[in-house]
Amino acid sequence: MTQQVRVRFAPSPTGLLHIGGARTAIYNWAFARRAGGVFVLRIDDTDPERSTPENTEQILRSMRWLGLDWDEGPEVDGAYGPYFQMKRAAHYAEALESLKASGHTYPCFCTQEELEAKRAAARSGESSGGYDGTCRRLGSDVARERIDAGESCVWRLAVPQDRGEIVVDDVVRGETVFPAMSVDDFVLVRSDGTPTYNFATVVDDAAMAITHVIRGDDHLSNTPKQVLVFEALDAAVPQFAHLSMILGPDGKKLSKRHGATSVEAFHDEGILPEALLNYLALLGWSLDGETTIISAETLQENFALERISKNPAIFDVEKLEWMNGVYIREMSPEQLVERMVPWLAEAGLGTRETLGARRAWLEELAPLVSERVKRMTEIAPAVTFLFGDAVEIDPVAADKALAAEGAPGVLEAATAALDGVTAWTAEGIEAALRSLPEALGMKPKPVFQAVRVAVTGSLVSPPLFESLALLDRTVALRRLRAAAELARSR
RNA sequence: GGCCCGUUCGUCUAGCGGUUAGGACACCGCCCUCUCAAGGCGGAGAUCACGGGUUCGAAUCCCGUACGGGCUACCA
């Protein structure tokens with residue numbers, strides 16, 4: 001019998017969903033989908049100091065934006081809830097009781113100061129570090145008395161003395177062996193009664209019947225501890241898969257220093273969710289070594305833990321941008337318009353309503369910009385000249401194209417030619433302007449550059465004829481005349 | 001310090017005993033061209049971290065070393 005695959009992504013709401021967490025979530029999600037299993041979202045909010053509801057909201061929003069839907073978790077009821085650790089106190093209490101009954105835990109009365117002293121001694125001396133077991137030797141009667149006397153204590157795991165080696169079966173790393181000696185009697189429950197991470201995680205993973213734990217590399221060293229807790233609880237140990245870290249361009253752990261690291265920041269900076277998902281999926285996993293563009297569907301159908309790479313990966317924004325450009329170019333005009341309207345509105349080029357009323361016009365504009373932008377944020381600046389009457393002419397562009405020899409004549413000729421165009425379409429406009437260079441005895445480039453600067457205000461723009469066609473003829477002519485005036489005055 | 005993990009073009013990776021070490025981003029050149037892009041074609045770029053083994057044969061297996069990283073909390 002094969003049991004149902006159940007995986008979980010367990011972010012801590014002490015911050016936003018960042019790139020590393022997002023990738024972990026993607027892998028868990030894809031793995032669950034591929035296996036026809038269940039993807040659980042659990043909020044590990046056991047740090048009351050730093051956890052906030054805003055962060056939780058933010059995380060949920062980022063997950064949804066990326067298209068990572070969960071089967072159980074916040075706002076999605078399931079049979080294994082609640083899905084906030086803060087609401088699971090009863091489970092931890094119950095687990096602690098069972099550990100007390102089986103003798104796998106003991107109370108420790110050592111103070112912070114004593115522990116600090118022990119640690120300092122251990123560092124300078126020989127001992128292997130970790131808790132020295134003072135309270136483990138106390139004897140249950142004495143312990144009982146001190147608890148009854150109201151002395152506060154933590155509960156530590158009594159690591160079996162004869163455990164030998166702990167073998168962690170990791171799909172990514174292979175079998176990793178830890179000497180049980182290297183695991184000390186760590187704290188399960190704090191003196192205030194709250195569980196520590198290594199305890200809560202295991203209690204929940206066991207209670208939620210998690211079959212595969214896919215998480216960051218930084219937890220690999222915690223795994224032997226957790227294996228011991230699973231064993232003490234007499235629970236099945238899940239299959240593990242530890243993912244390498246994502247690093248910044250300098251090879252150091254990714255942080256704010258490296259710029260945007262939260263999923264939300266990428267959204268704000270014009271990255272599409274499908275591109276981020278694609279990029280992250282391939283940062284540490286590969287379909288075949290050839291494929292670079294992969295859809296969420298393909299990912300769900302092909303993701304395999306076995307193809308996760310072991311080495312840490314450096315986050316390369318340039319490649320992400322390239323990928324984002326690919327997705328922008330792949331969109332149909334209708335799709336692109338749908339997606340770019342909010343960005344245009346935000347840039348002040350209209351409201352969603354006024355822009356919505358110009359759908360057909362926007363759909364003609366879309367293909368003109370789609371192949372020259374990498375991020376959604378670049379669209380508005382590239383098409384601003386198509387909105388409004390006048391255009392602001394870039395001084396450098398004016399110097400280069402308008403102050404050039406013959407510019408006034410070019411602009412006058414262009415004005416006349418366009419004035420006579422019968423069909424105001426890209427084709428009609430091109431037909432009218434094509435013959436201009438020859439008629440003026442000039443090379444094509446300076447002629448079209450002068451017109452471009454006059455109409456778009458810039459030396460760089462979408463194709464001239466198509467752009468003109470999207471402008472009102474009167475607006476275009478007015479701009480040409482204004483530029484001619486400007487050119488003459490130079 | 002102890003215990004773990006990692007190391008193939010600048011970057012992401014393919015490779016799982018025999019390959020001219022493949023692909024993608026970035027870079028360079030050419031073509032296309034009204035600018036910028038996009039696209040097409042081509043190029044440069046990896047003594048597979050280093051040193052020992054095993055083997056007829058090693059990027060691939062084993063052992064060291066170096067470098068990088070993680071854990072070693074009443075953080076997660």
Side-chain angles (χ1 to χ4, degrees), chain A residues 10-12 14 44-47 49-51 108 110 112 115-116 119 122-130 152-156 168 170 172-173 176-179 181-184 186-192 194-198 200-201 216-225 242 244-245 247 249 251-253 279 282-293 307 309-323 325 329 368-374 382 397 401 430 433-434 436-437 444-453 456 458-465:
Chain A
S12 167
T14 51
D44 282 10
D45 53 357
T46 52
D47 183 344
E49 298 287 306
R50 300 186 298 147
S51 297
C108 171
C110 295
Q112 301 274 16
L115 293 172
E116 196 51 55
R119 236 173 271 135
R123 240 187 291 275
S124 54
E126 307 297 290
S127 98
S128 59
S152 85
C153 68
V154 301
W155 290 87
R156 289 180 182 276
V168 173
D170 190 290
V172 178
R173 318 269 154 193
T176 304
V177 182
F178 296 83
M181 292 284 288
S182 68
V183 180
D184 69 338
F186 62 98
V187 174
L188 300 172
V189 175
R190 304 183 185 109
S191 50
D192 66 358
T194 59
T196 58
Y197 165 75
N198 282 314
T201 303
D217 204 22
D218 45 341
H219 292 298
L220 181 57
S221 301
N222 284 321
T223 309
K225 294 181 182 177
H242 286 96
S244 289
M245 311 250 100
L247 311 173
K252 297 273 197 292
K253 197 172 165 183
Y279 179 73
L282 258 28
L283 195 65
W285 177 81
S286 63
L287 179 61
D288 54 14
E290 304 281 295
T291 311
T292 49
I293 299 300
R307 289 191 67 84
S309 65
K310 305 181 206 301
N311 28 2
I314 290 175
F315 189 83
D316 181 6
V317 199
E318 288 200 20
K319 191 160 185 175
L320 203 214
E321 285 186 321
W322 165 79
M323 226 175 239
R329 271 172 261 134
L368 266 37
V369 275
S370 69
E371 63 185 33
R372 49 207 102 221
V373 298
K374 288 189 160 70
E430 175 160 11
L433 296 179
R434 268 301 170 202
L436 232 52
K445 187 168 167 174
V447 172
F448 293 120
Q449 280 301 77
V451 177
R452 180 189 316 286
V453 169
T456 73
S458 165
L459 285 163
V460 177
S461 82
L464 233 201
F465 314 127

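These numbers were taken from a predicted model, which means no experiment stands behind them. In what follows, chains are A, B, ... by sequence order, proteins preceding strands, each numbered from 1. No hydrogens, no waters, no symmetry mates; every other heavy atom, side chains included, goes into these values.
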Looking at residues at least two apart in the chain, or sitting in another chain, which of them share a ring pair (Phe, Tyr, Trp, His ring centres under 6.0 Å) with [X]?
X: F448(A); result: F465(A)
X: F315(A); result: F266(A), Y279(A)
X: F178(A); result: none

Which whole number of Å gives the distance between the [atom1] atom of [N] and that of [M]?
N: rU13(B); M: rG6(B); atom1: C1'; result: 16 Å
N: rC31(B); M: rC9(B); atom1: C1'; result: 27 Å
N: rA59(B); M: rA76(B); atom1: P; result: 46 Å
N: rA46(B); M: rU19(B); atom1: C1'; result: 15 Å
N: rC3(B); M: rU8(B); atom1: P; result: 25 Å

List in chain and number order the residues that pass salt bridge (Lys or Arg N to Asp or Glu O under 4.0 Å) with [X], two or more places apart in sequence or in another chain; answer none if no residue qualifies.
X: D218(A); result: none
X: R307(A); result: none
X: D170(A); result: none

Notebook entry, point to check: For the side chain of K319(A) and the base of rA24(B), is some donor closer than 3.5 Å to an acceptor across the two?
Noted result: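 Side chain to base: pair found, below 3.5 Å.
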Given rU8(B), rG23(B), rU11(B), identify the nucleotide with an atom nearest to the side chain of N311(A).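 Looking only at heavy atoms from C-beta outward on N311(A), the closest nucleotide is rU8(B).
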- [ ] Quickly work out the N222(A) CG to rC74(B) P distance and round it to whole Å.
- [x]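 One finds 13 Å between P of rC74(B) and CG of N222(A), rounded.
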Any residue meeting side-chain contact (heavy atoms from CB on, under 4.5 Å) with S461(A), in chain and number order, not counting sequence neighbours |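 Only R452(A), T456(A) meet the side-chain contact (heavy atoms from CB on, under 4.5 Å) criterion with S461(A).
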For [X] and [N], is the shortest distance between a side-chain N/O and OP1 or OP2 below 4.0 Å?
X: T14(A); N: rA76(B); answer: no
X: R452(A); N: rU33(B); answer: no
X: T176(A); N: rC4(B); answer: no

Can you tell me the base-pairing partner of [N]? Count Watson-Crick or G-U wobble geometry only, both distances below 3.5 Å, and say none if there is no partner.
N: rC25(B); value: rG10(B)
N: rG1(B); value: rU72(B)
N: rU47(B); value: none

Nucleotide by nucleotide, nucleotides 37-44 of chain B touches protein heavy atoms under 4.0 Å in the pattern (B base, S sugar-phosphate only, - none) BSS-----
Taking any heavy-atom pair under 4.0 Å as a contact, classify [X]: base, sugar-phosphate, or nothing.
X: D192(A); answer: nothing
X: L283(A); answer: sugar-phosphate
X: L220(A); answer: sugar-phosphate

Pairwise N/O distances under 3.5 Å, protein to nucleotides 66-69 of chain B:
none

Between N198(A) and T196(A), is there a side-chain donor-acceptor contact under 3.5 Å, judged purely by atom types and distance?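 No, no side-chain donor-acceptor pair sits under 3.5 Å.
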Under 3.5 Å, is there a donor-acceptor pair between the H242(A) and T223(A) side chains?
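There is such a pair (donor and acceptor under 3.5 Å, judged by atom type) between the side chains of H242(A) and T223(A).
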